[in-house]
Amino acid sequence: MANMKKNNYGSKDSLGKNVSSKEIKIKNKVNKDISKKKEKKEVKEKNTSPKDIILSIKNASYRYSDAEEDDYALKNVSFDFECGKLYAIRGRSGSGKTTLLSLISGLEKCTEGEIIFDGKSLKDMNLDKYRNSDIGIVFQSYNLLPFMTAVENIILSMDVNGLKIKNKKEKAIELMEKVGLKASYANRKVLRLSGGEQQRVAIARSLSYNPKMIIADEPTGNLDKQTETEILEIFKKLAHEENKCVIIVTHSQNVCDTVDKIYDLKKVKEK
Amino acid sequence: MFILKNAWISIKRNKGRNILIGIIILIIACACTITLAIKNTAVDLINSYKSAYDKEVTIGFNRENMMKDFDPSQEEGRESAREKFENIASYTISDVEKFADSDYIESYYYTYGVGLNGNSIKKAEIESNSNMPNGFGHGKENNMSETDFTLTGYSSEDAMSEFISGAYTMSEITDNAWDIAFNGNYVFINEELASYNNLKLNDKIKLEDEDGNVYEFEIIGIFKENEDDNQGAMSMFSNSVNTIITNSDAVVNLTNGNENLKASIYPTFIIDSYDNVEKLQDEFYEKGLDENFILQTNEELAESGVASVKNILSFSTTFLVITLIIGGIVLFVINMINIRERKYEIGVLRTIGISKLKLTMQFVAELVIVSVVALTLGTGIGAVSSKGVSNSLLANEINSSNEKTEEVNKNFGGMNRGGEKGTMHGKGMPVVQAYDSIDAVVDIKVLLELLSIGISLVLVSSIASMVSIQRFSPLTILKERS
């Protein structure tokens, strides 16, 4: 089962194995289901209505408190994000990518304009609640608590969310397997995991309370090509199969080639 | 719940730092327990000592008032002052009873004196003209200086201040003296007078007034006047040699129906609080006390007896304050370092959506858990050692307490006069508790004080974490880390 999940996330190919007729039937049924879903999705994409927009950035501008009056880190940005799509926000260094991500994740507030999530302005929302329920954040440097094990990091996020389920550990291990991590890694301190494995733990943590939107800041920046592809597959699957809105802030071409839509950020003030 | 779980994980993770914090709190708790136990014991001791010296009020001359118009350079001025002194309206037993009927007065006693001449005994001749004990002789009714003897009647044992102070000491006494001393014509006489007239216990003496009325008394005790207290005596006899001590009822019986026999009364009132003395004085004036009299208290005397304990109290309070200030600062600094070291953790927790309040609660909970353990241990150690430390600090006070008790008992003839073992009996006299040791107990009061100190320490040392968590921007922290 674990192997199948791994295959689903594209880490290994199982071709060449002998399969029974029963297995072939099941496989065919699964393929039919997937193609039906794809058809539905395509129809949905054609008829995109404002209802599908989960996040809307409206003329958002941001200026640091110690900056000059017209020195904006981000100026008049307006983007819309829909559920079930994978987005990339691309831009050169200093273009305001990370600033935009901070605004979307509620870690900073817009100086001007506003951000609407699921029909509500972030200004009117409890941003702590927003961060621990509505969105999941994945960072380039993983930001896991190093003194905790992989599974403890995931459970902590469930605790912060206030999730009331009996077997949090089982659920956490399930999530680890979903992102391609072996269950045997569960009790390993995160510092003993590789970069790719830590990033998978970070993704599993962000999924622990089933948020509607995943925001990732250069999630593959510290990873090799192979691992980058695997991680991107996870995000793709989350968007396309679990109908989540996944936003990746990046300057990686590989990421841009994978996503459904790219938003470009240009430098606000060229010197 | 997860706040406590996280707090516990953090405590286990940062064993070294938490042990250090625990040791500091333990030392503070230990020092505070000992100091508070000593402080409370010292306060109890002071209160006990003050209550030993009942809050007494006596009536004395208002010299300031009497001397305000006095010009010593003028003969007329001296005459006027003398006349004024002689015209001061004295007070009688009924006045004293009237004064004593006050809400501020708990009880009272008095000494009643009258001058009589010898009939069966002779006066011991002394050079001094006065044979009156201190405190007598005010008022125009006084005529005792012209007689052979002063018959002094005490209303109770409490009134026998000369014995309490040690000025007089009983040298011989009958077995039942204290059972009958206040019921009938029984007297204590000076041993010099006894020797001069060849008198012994159970002998009868006769005294007469100026009208020739004869009164008979039985000797039930012989006392001596201590030389140390016999100030200014120039003769071979002490001042009290011609003072005969009896009870006040005996004197009242003598004066009743005999207008020519004038007596002087010296009352002592036991009051509930020194704060009410001024109100009581006004009340006395309203009840007819001459304005040339004022009320005097024994507050200074009571205060002087506890000076050494007060020093210990002051020392322990200062020590407590210094311990708390230094302890508070050290804890504050350690917590500030702790917060700085855990900035990344704060950043991550804030990013995944833990609120500032919950985060603060987690940091405070960590400190509370460590503090509770350390405070419990510190209090235990402090409670065990506080008795020994306080006894060694208060050793001098214990000795003087014991000596005082023994001394007062000795002055009354070494008799157990109905009081509890180890204590003096009766109001008005120093009921000095004989302490074998000071029982510096860590009681509920000390525990409550420690609890409030513990809470204050946790709050003070948590200020660093509270402020930092409010100020830290998670994004900045994580950027720094990256």
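All of these numbers come straight from a predicted model, not from anything done at the bench. Chain letters run A, B, ... following the sequence lines, proteins first and then strands; every chain starts at 1.
- Only the backbone of Lys356(B) comes within contact range of chain A, judged by heavy atoms closer than 4.5 Å.
- Counting heavy atoms of neighbouring residues, nucleotides and ligands inside a 6.0 Å radius, atom NZ of Lys168(A) exceeds 12 of them.
- Lys358(B) NZ: 12 or fewer foreign heavy atoms inside a 6.0 Å radius.
- Contact check for Ile352(B) versus Asn132(A): no side-chain heavy atoms found under the 4.5 Å cut-off.
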**Request:** Using the side-chain contact (heavy atoms from CB on, under 4.5 Å) rule, take Phe2(B) and Ile155(A) through it: C-alpha gap first, then chi angles, then the decisive distance, then the call.
**Result:** CA-CA 10 Å; Phe2(B) 85 93; Ile155(A) 292 173; over 6 Å; no
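- Counting heavy atoms from C-beta outward, Glu345(B) and Phe147(A) have side chains that approach closer than 4.5 Å.
- Once rounded to the nearest 0.5 Å, the distance linking OG of Ser355(B) with CZ of Arg131(A) reads 10.0 Å.
- Atom CZ of Arg192(A) is surrounded by 12 or fewer heavy atoms from other residues, nucleotides or ligands within 6.0 Å.
- A heavy-atom distance below 4.5 Å is found between the side chains of Leu156(A) and Leu349(B).
- Between chain B and the residues Thr98(A), Leu127(A), Leu107(A), the most heavy-atom pairs under 4.5 angstrom are made by Leu107(A).
- Heavy atoms of Phe139(A) lying under 4.5 Å from chain B belong exclusively to its side chain.
- The closest side-chain heavy-atom distance from Asn6(B) to Glu152(A) is not below 4.5 Å.
- With a 4.5 Å cut-off on non-hydrogen atoms, Ile135(A) does not touch chain B at all.
- Taking chain B as the reference chain and counting heavy-atom pairs below 4.5 Å, the highest number among Asn126(A), Ile137(A), Leu145(A) is found for Leu145(A).
- Ile3(B) does not touch chain A: none of its heavy atoms, backbone or side chain, sits under 4.5 Å away.
- Ion pairing between a basic and an acidic side chain is recognised when a charged N comes within 4.0 Å of a carboxylate O; Asp128(A) and Arg350(B) show such pairing.
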